[in-house]
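First the structure, in the form of structure tokens, and then the observations on it.
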Amino acid sequence: MANSPSSALSKAYEPKEVESRIYSFWENNRLFKPEANLNAQKRFSLVIPPPNVTGVLHMGHALDSTIQDILVRWHRMLGDKTLWMPGMDHAGIATQNVVERNLREQGKSREDLGREAFINLVWEWANARKADIAGQFKRLGISPDWERQRFTLDEGLSKAVRHAFVHLYKKGLIEQGTYIVNWCPRCVSAISDIETDYVDEESYLWEISYPLTDDSGALVVATTRPETMYGDVAVAVNPEDTRYAKFIGKKVRLPLTERELPVIADSYVDMTFGTGALKITPAHDPNDFKIGREHGLEPVWILDERGRIKPEAFIPEEIRGLDRKEARLRTEALLEQQGYLVRKREHSHRVGHCQRCQTVIEPLLSKQWFVKTKPLADRCIQSLKAGEIKFIPERWTKDYLRWLTDIQDWCISRQLWWGHQIPAWHCAQCRGVTVELEDPDTCEHCGSTDIQQDTDVLDTWFSSGLWPFSTMGWPDENAEDYKNFYPTDVLVTGFDIIFFWVARMTMFGLELTGKSPFHTVYIHGLIRDEKGQKMSKSKGNTVDPVELIDEVGCDGFRFGLTSLITYGGQDIKLAKDKIDQGRLFANKLWNASRFVLMNIAPADSDGVDDQPIDTANLSLMDRWILSRYNTAVRQANQLLTDYKFGELADTLYEFVWNGFCDWYVEYAKKQLQEPERRANTQRILLHVLDGILRLLHPIMPYITEEIFQKLPHRKEQSIMIARYPQADENLIDPGISERVDYILETVRAIRNIRQQYTVPHTQPINVSIITTEPMERDAIVTARGILEHFVKLGELNVLDVMDVQSEHNAVNVVGHSRIMVPLGGLIDIEQELERVRKKMTVLLKEQEQLYKMMSNFEFLERAPQAVVEKNKARLQEVNKQVKALEEQLEGLAR
RNA sequence: GGGCGCUUAGCUCAGUUGGUAGAGCGUCUCCCUUACAAGGAGAGGGUCGGGGGUUCGAGUCCCUCAGCGCCCACCA
């Protein structure tokens, strides 16, 4: 074969080679920048949910990013000035944990290094990770403006954090206070309520006897954590509880110690639970803390920050210094030995675990910084009710609202080193706190220079909460990006971080910028494995999207993934089938494009010209494909507007494969041979292919770019900045569709008979079509060429009525027509009887239903006219079909 | 204890103003026809979890039962 012209496509699509080449092309030409769209009127912006630097790319990111990329590429093609802001999150606890673990393997601790050296080490590690993660993201083919990439701990964002903290502090919305927090003894830090995962665990309920000091008996308390008893400061009973009324005001002795505790009354105590007597441990239990405070009881700390029993003198010597788990066992043993343990019974309850390291958390009374969330949340609720923010799917609104309504104060201090150090200075002289935008030298209360910055850092989510505007240059309200792109349009994320992140962003956004940071929150489902299990590293069922991409190509992967998305935001079971379907679709697109390019090749002396399609000279099939194409265009735009990505994939798949490839491309083979049709057919092929590439580009960026660049007459440098097709309504012609669809149905009916009777497809087949329907008669006459192209026809007769009754016909019905194929001796009477009877059964059932409907007065009365008409027409059709089959059966039976 | 989601063809799932069920894969039959065998053509396959209700009409709305899954909640 001669050398291929330069525009020809290679025999097979090579994803790997194309992907790396095209991505470089995009980056080198800076096409991800919003400035790539000059003269844009409208704008569109969104921020990527910043992945943790600790993470590796997983399927969730792939889904999340693909959805965003579809929106971004679509808007860019609509001509909007489009910004997708990328970046990553420093992930305080998670990152520190990883680096500390690495240190531990070398036998070192962070304390060995000291704060500064340790932080430097974490930076080093984080920077390496950032590069890795960006590299993985690029493999997804996504198009954020990498030149703008941000990090939650970079200079600009740190400035934003500082501003936010100072603002909230001065407004009284941040406070330092002593409260019970969830304490992780392994991370040695407080964590927030939502960072605590509760797990049902089988444990015990211990009943312990506390003797009254006046020897009048004993109170038996029930507890799930006997080791905390040393921190008891009282025993509480319900004031209504007649069993214990007489003990109120008396004292009990805390077993194993010499301490005496008051018996108090509090209605919080549930008389029906346990023994109805509750030990009060304010320093180590949230409810006890509240009760203790109300009764003016001083808390007693007995657990240290690593979850060990403190070496307090009143605690039995053998217990001191023990880990809480060990302490529980030894305490139980001691209680039993000394006769205080009344009963130990099985009891299952919920135990809090640290989300980052799964360690059992201890409620611990300590001094922490809090955001008073109530006023912030109220503002979010108002904003929601004012319609300033909308969730898709809508049902998540309820969760968001409920959480905001029942919101608890947010503990934002963490006893870590990696993160934004809290910008508060404590005075050693007057104990006052100084919080300013600039680092202070002196205490603002007493002027002392003996001040020290708080050693805690902020919860990671504090900085993530500022993300949509901190990345845009806030607090500088004149920053270009802030002016141009804030507020953003849409936020795309999973439901698991609605509370962690979405709500924090709206709280901060409304408070600090006065605006909701986005108007739409698109919540997608979780990606699960083939069995429907949540993917997790511990289960070992994670799928690496990059590996899948290596296997099937990025476009196939993205298309498959997109087709799995549902509007209801259902969790997605990762089906390899669907991913493969995407791969096959890419292949189909590639080959269809090859066909088109081969047949319009410039090397061909009469290759496609650059004239517009001659709409005055269109064949039926031309008009049909243009109608279908424009219908698909209309649907695609609508589906994108409605965030219906799965349907978008299905719609385009159907059009490209079953519309364009199966019928038009096949028919074009004929038209290309016809001198008077050739040029226009080439133009139409090119036009529709070009449109298909554009329509698919948001989902399949690489292959569409690769083919696009081979198209003749293209004006744009890249498909990325080519216009997304808009429907030409004039070319949508239902009448043409109806006629051609009828012909294609007829093609199928004839093929069906050919297959049934195994007539070789090389053998011409004679067909008689009996119909009185004008549209059908007309279609057969005018579209005879179509029929002939798709089935090897012999004689074709179009008749008003049956002229002969022949038992040697095979029959099928289409619309009002009966399609008869005389088969002479070939026909197997029994087989044909069987086949026709089967069709009859189905038809009769439908006929009965339709008759029922038509004889139902109320249906005719109340159903919409269009529905009545539609069914009426269908009944007529069915009647004709039934009649045709009846006659056929008679003929066969003769 | 509240709240939410799911139950549709052998498998995985679509199906939002209620109009009489679809796709992919798999299965069966035929075909290497010059874009594609990673393909083409044809076929079979479902009383839409059970029950009840509203309606001319329900996979779609309401109630109820069953199974599965998730989220939230301070009962020691």
Side-chain angles (χ1 to χ4, degrees), chain A residues 9 11-13 180 194 198 205-206 221-225 228 236 268-270 272-281 285-290 347 349-350 363 393-396 398-399 402-403 406 495-496 498-499 525-526 528 530 532 534 556 560 563-564 566-578 580-581 583-599 642 644 646-647 650 653-654 661-662 665-666 669 747-748 751-756 758 760-762 790-791 838 846 849-850 852-853 856-864 866-868 870-871:
Chain A
L9 299 179
K11 177 105 170 119
Y13 177 58
I180 286 275
I194 49 177
Y198 288 91
L205 193 61
W206 285 268
V221 302
T223 179
T224 54
R225 293 188 301 155
T228 63
Y268 169 80
V269 180
D270 181 350
T272 64
F273 187 88
T275 60
L278 174 63
K279 66 193 235 0
I280 302 299
T281 323
D285 184 276
N287 297 311
D288 294 6
F289 170 70
K290 266 184 230 158
H347 178 68
H349 65 138
R350 296 160 59 77
E394 210 201 329
R395 67 187 145 93
W396 296 111
K398 235 194 232 173
D399 280 47
R402 185 185 42 70
W403 190 73
D406 301 335
F495 58 80
D496 47 333
I498 290 178
F499 306 146
L526 224 61
R528 299 170 174 279
E530 276 114 328
K534 211 165 168 173
S563 72
L564 287 165
T566 67
Y567 185 64
Q570 284 306 315
D571 285 354
I572 293 169
K573 219 177 274 188
L574 185 65
K576 189 66 197 334
D577 278 3
K578 284 277 187 171
D580 280 329
Q581 190 195 344
R583 189 188 90 241
L584 298 178
F585 184 55
N587 181 254
K588 189 72 178 177
L589 177 64
W590 183 257
N591 279 298
S593 303
R594 279 183 69 211
F595 172 84
V596 173
L597 287 173
M598 275 176 196
N599 285 284
D642 297 342
K644 294 182 177 173
E647 274 188 67
D650 288 347
Y653 181 95
E654 209 277 332
C661 294
D662 286 352
V665 167
E666 285 308 318
K669 289 173 182 171
V747 168
R748 283 193 204 95
R751 281 174 173 173
N752 173 293
I753 291 168
R754 189 192 279 284
Q755 169 94 6
Q756 288 280 330
T758 56
H761 65 273
T762 49
F790 289 112
V791 290
K838 219 167 168 183
E846 192 183 349
Q849 276 179 346
L850 287 164
K852 229 167 112 185
M853 233 182 259
N856 185 334
F857 177 72
E858 285 180 295
F859 171 73
L860 299 172
E861 185 84 339
R862 300 191 194 189
V867 175
V868 175
K870 195 177 139 198
N871 283 295

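Reminder, nothing fancy here: chain letters follow the sequence lines and each chain counts from 1. Just so it is clear, the values below take in all heavy atoms, side chains as well, and ignore hydrogens, waters and symmetry mates. This one's a predicted model, so the numbers in the text were calculated from it and none came from an experiment.
- Arg350(A) comes within 4.0 angstrom of a base, heavy atoms only.
- Closest contact between the side chain of Thr566(A) and the listed nucleotides A14(B), G69(B), G40(B) involves A14(B).
- The base of A35(B) is paired with the side chain of Glu666(A) by a donor and an acceptor separated by under 3.5 Å.
- Side-chain atoms of Asn591(A) come within 3.5 Å of backbone N or O of Asn587(A) as a donor-acceptor pair.
- Judged by distance alone, with hydrogens and angles left aside, the side-chain atoms of Arg528(A) form no donor-acceptor pair with the main-chain N or O of Leu574(A) at under 3.5 Å.
- Across all strands shown, Arg748(A) has heavy atoms under 4.0 Å from sugar-phosphate atoms exclusively, and none from any base.
- Candidate nucleotides G19(B), G5(B), C75(B) were compared by shortest atom distance to the side chain of Tyr268(A), and C75(B) ranks first.
- Pairing each heavy atom of Tyr567(A) with each of Lys644(A), the nearest pair is CD1-CG, 3.6 Å.
- Backbone-only contact: Lys11(A) has heavy atoms under 4.0 Å from sugar-phosphate atoms and none from a base.
- Residue-to-nucleotide contacts include no donor-acceptor pair under 3.5 Å from the side chain of Gln849(A) to the base of U20(B).
- Proximity of Lys578(A) to the phosphate of U12(B): no side-chain N or O atom is located under 4.0 Å from OP1 or OP2.
- In this structure, Asn856(A) reaches the sugar-phosphate backbone alone: every heavy-atom distance under 4.0 Å involves primed, P, OP1 or OP2 atoms, never a base.
- Within 4.0 Å of Val269(A), counting heavy atoms only, lies at least one base atom of the nucleic acid.
- Pro760(A) comes within 4.0 angstrom of no nucleic acid atom, judged by non-hydrogen atoms across all strands.
- Annotation for Lys534(A): atom NZ does not count as buried by contact number, only 12 or fewer foreign heavy atoms lying within 6.0 Å.
- Across the protein-nucleic acid pair, Arg594(A) atom CZ and C36(B) atom C1' stand 7 Å apart, rounded to whole Å.
- Looking at every heavy atom in both residues, Asp285(A) comes nearest to Asn287(A) through OD1-N, 2.9 Å.
- Between Arg583(A) and the phosphate of A38(B), there is no side-chain N or O to OP1/OP2 separation shorter than 4.0 Å.
- Remark on RNA chain B: of its neighbouring residues Asp642(A) and Lys870(A), the 5'-side contact belongs to Asp642(A), judged by nearest-heavy-atom nucleotide.
- Contact annotation for Asn752(A): backbone-only contact, meaning every heavy-atom pair under 4.0 Å involves sugar-phosphate atoms and none involves a base.
- Across all strands shown, Lys588(A) has heavy atoms under 4.0 Å from base atoms, whether or not it also approaches the sugar-phosphate.
- Going from atom CD of Glu654(A) over to atom P of G24(B) covers 9 Å, rounded to whole Å.
- Of the two residues contacting RNA chain B, namely Asp577(A) and Trp396(A), the nearest-nucleotide position lying further toward the 5' end is that of Trp396(A).
- Contacts of Leu584(A) with the nucleic acid, taken as non-hydrogen atoms under 4.0 Å apart, involve only primed sugar atoms and P, OP1 or OP2.
- Put simply, NZ on Lys669(A) is 11 Å from P on G40(B), counting in whole angstrom units.
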